[in-house]
Amino acid sequence: MSNGFSPRSIQRGLSLIELMVALLIAGLLSLGIVQIFSASRITYQTQEGLSRVQESGRYATQYLQRQLRMVGYMGCGSDSERISQVSFVNHLALYSATVPGGDTVDAKYRFQRPIQAFAAEAVPVGLLDSAPKAGTDVLVLRVLGDDSVPALAINATNNGSTELDATVANPAADVFQGTGGASVLYALQSCRSVDVFAGTLTGNTVTAQGTTNPNVYRDPTVTNCGAGGCPWDFRISNAFLNAPPASTGGLQLNAEIHRAEFYAFYVTDSISNPAVTSLFVRRFDRSGTTLGPSEELAEGVESLKFSFGVDNTGDGQIDAYQSAGDIQNASGNTDPGLDNAWRQVLSVRVGMLIRSPERASVAPGPARTYTVLGATVPTADDGYVRQVYETTVALRNRIFNS
């Protein structure tokens, strides 16, 4: 006699306890998967942010180092040597303009001051096309380009007393790229003197435009040629200028043409990502004598600071590191004083605080403070990766008096 139950009927269905246990196990597995995914995502974002910060930091540091090492370079001599021997002439008086503060020359053409810096709040009008970020520094370099072309002959009288012709060896060289027949800024240098001027290239001849008058920077060390102004390449005798090499007793001309370059480095709002600030550079238009639009170099630069190693005693050794404001104020803010003060700079410390373009974490936390060249830079704990980069660049053209 059967009681109506069978082993098959006993195995049918699922008890509530079994269902709850299964749901609990599934929930724990899902939670673990979500946590693993979240941790992996945060790790990826952190690594990506750190990678972007390191990329920007390396590029910005190397770019600034490369440009700073050109400070003081004037062909086969340094700027300290040239200007101390009164063998440097700036012929850009035609490009002078009245600017605030009583200066009578446009700051971008002041080539006897190859390096200079300003606090963001004290930048001369016209140097930048965007307002620099408050609390940062602006670095200005006025240097000769490292590319050069030999000058085969120089004629200072062919076009009268106000112009100069220089025959060059290779008019297709990089020195002349982008000129398009327009007047651009060049430097004619030999082992005796340097002339900075605006000129045009026609065929293989560079013709200087403008005047024989020296600069109008009121610097007595470079404007002592008398009321008539400094002639072209005035430290070289007329035998070098207006006669073939044979008449110089076998001496060669040994002169070269360089581009005269201007760089202004500063931090302002990024073009590609308005949520961050970036390092920008502004320089001369390659086809003219005016400044072109600023170029974005490195994204995420939040702070840019400079400190300058100054030789106050003239013994070739750094006596102290000073800020841009310290140097400006110590010179009495006069042109000759500033020229001399900035020529005492032998090295530059560069400090940057760089932030990742994307968040690595959204977890809130306490605000953090970073130190950039001794200056505190407070930031919010907003989930971004940040890192400080500092480096010291020796101005070897000055230190070794090359």
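Below, each value reflects all heavy atoms present in this structure, side chains not excepted, and no hydrogens, waters or symmetry copies. Count residues from 1 along the sequence.
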TODO: Measure from NZ or CZ of Arg355 to the centre of the six-membered ring of Tyr384, then state whether that distance is under 6.0 Å and the direction lies within 45° of the axis.
DONE: yes
- [ ] Identify the heavy atoms of Trp342 and Arg113 that sit nearest to each other, and give their distance.
- [x] CD1-CD, 3.7 Å
Task: Sole residue of Thr268, Asp269, Thr136 in side-chain contact (heavy atoms from CB on, under 4.5 Å) with Thr277 - done: Asp269
Open item on the list: For a quick test of reading the model, state the closest non-hydrogen atom pair linking Ser294 to Asp129 and the distance between them.
Closed with: OG-OD1, 2.5 Å
- [ ] Identify whether the distance between the nearest side-chain nitrogen and carboxylate oxygen of Lys133 and Asp137 falls below 4.0 Å.
- [x] no
TODO: Evaluate the side-chain proximity of Gln189 to Tyr73: yes if any heavy-atom separation is below 4.5 Å, no if none is.
DONE: no
Task: Side-chain heavy atoms of Leu64 within contact of Met352, under 4.5 Å - done: yes
Task: Closest non-hydrogen atom pair between Val377 and Ser303, with its separation - done: CG2-OG, 3.9 Å
Open item on the list: Taking the cut-offs as 6.0 angstrom to the six-membered ring centre and 45 degrees off its axis, would you call Arg349 and Tyr321 a cation-pi pair?
Closed with: yes
Open item on the list: So Arg386 and Ser356, do their side chains get closer than 4.5 Å, heavy atoms only?
Closed with: no
TODO: Test Tyr263 against Val140 for side-chain contact (heavy atoms from CB on, under 4.5 Å), laying out the working first.
DONE: CA-CA 6 Å; Tyr263 300 93; Val140 172; over 6 Å; no
Open item on the list: Quick one, Phe176 and Val168 - any side-chain contact, counting heavy atoms below 4.5 Å?
Closed with: yes
Open item on the list: Are the side chains of Leu185 and Phe262 in contact, using a 4.5 Å heavy-atom criterion?
Closed with: no
Task: Flag side-chain contact, heavy atom, 4.5 Å: Phe284 against Thr289 - done: no
Task: Glu299 side, atom CD; Ser278 side, atom OG - distance, nearest 0.5 Å - done: 5.0 Å
Task: Non-hydrogen atoms of Ala198 and Ser183 that approach each other most closely - done: CB-OG, 3.5 Å
Open item on the list: Just verifying a value: how many Å separate Glu390 CD and Ser307 OG, rounded to the nearest 0.5 Å?
Closed with: 10.0 Å
- [ ] Kindly assign one of parallel, tilted or perpendicular to the pair Tyr186 and Phe197, based on the angle between their ring planes and the thresholds 30° and 60°.
- [x] tilted
Task: Verdict with reasoning, Ser323 to Asp326, per side-chain hydrogen bond (donor to acceptor under 3.5 Å, both in side chains) - done: CA-CA 5 Å; Ser323 68; Asp326 292 336; 3.1 Å; yes
Task: Neighbour count >12 (heavy atoms, 6.0 Å) for atom CZ, Arg368 - done: no
- [ ] For the pair His258 (side chain) and Ala187 (backbone), establish whether a donor and an acceptor sit closer than 3.5 Å, ignoring hydrogens and angles.
- [x] no
Open item on the list: Quick check on side-chain hydrogen bond (donor to acceptor under 3.5 Å, both in side chains): which of Gln67, Glu261, Glu295 does Arg283 satisfy it with?
Closed with: Glu295
TODO: Answer whether the closest heavy-atom distance between the side chains of Leu141 and Leu68 falls below 4.5 Å.
DONE: yes
- [ ] Check the angle between the aromatic planes of Tyr63 and Phe265 and answer parallel, tilted or perpendicular using the 30° and 60° thresholds.
- [x] perpendicular
Open item on the list: To the nearest 0.5 Å, what is the distance between CD1 on Ile33 and CG on Leu28?
Closed with: 11.0 Å
Task: CG-CD distance between Leu50 and Glu55, expressed to the nearest 0.5 angstrom - done: 11.5 Å
TODO: Before giving the answer on side-chain contact (heavy atoms from CB on, under 4.5 Å), spell out for Arg259 and Val184 the whole-Å C-alpha distance, their side-chain angles and the decisive distance to 0.1 Å.
DONE: CA-CA 8 Å; Arg259 288 293 284 260; Val184 298; 4.3 Å; yes
Open item on the list: Using a 3.5 Å distance criterion without hydrogens, assess whether the side chain of Gln322 forms a donor-acceptor pair with backbone atoms of Gly309.
Closed with: no
Open item on the list: Are the side chains of Pro124 and Phe118 in contact, using a 4.5 Å heavy-atom criterion?
Closed with: yes
Task: Distance, nearest 0.5 Å, that separates CZ of Arg66 from CG of Asp146 - done: 9.5 Å
Task: Intermediate values then yes/no, side-chain hydrogen bond (donor to acceptor under 3.5 Å, both in side chains), Glu302 and Thr379 - done: CA-CA 10 Å; Glu302 288 190 317; Thr379 64; 5.8 Å; no
Task: Step-by-step salt bridge (charged side-chain N to carboxylate O under 4.0 Å, His left out) determination, Asp79 to Arg398 - done: CA-CA 8 Å; Asp79 67 319; Arg398 290 179 169 179; 2.7 Å; yes
Task: Backbone of Gly316 reached by a side-chain donor or acceptor of Asp311 within 3.5 Å - done: yes
- [ ] Heavy atoms only: give me the nearest Lys305-Ala375 pair and the separation to one decimal.
- [x] CE-CB, 4.3 Å
Task: Val348/Leu395 under side-chain contact (heavy atoms from CB on, under 4.5 Å): CA gap, chis, key distance, verdict - done: CA-CA 8 Å; Val348 181; Leu395 307 186; 4.2 Å; yes
Task: Steps toward side-chain contact (heavy atoms from CB on, under 4.5 Å) verdict (Phe308, Ile115) - done: CA-CA 10 Å; Phe308 302 91; Ile115 184 171; 4.0 Å; yes
Task: Within 6.0 angstrom of Ile17 CD1, more than 12 heavy atoms from elsewhere - done: no
Open item on the list: Distance check, rounded to the nearest 0.5 Å: Leu353 atom CG versus Leu304 atom CG?
Closed with: 11.0 Å
- [ ] Mind listing the closest non-hydrogen atom pair of Leu291 and Leu127 along with its distance?
- [x] CD1-O, 3.6 Å
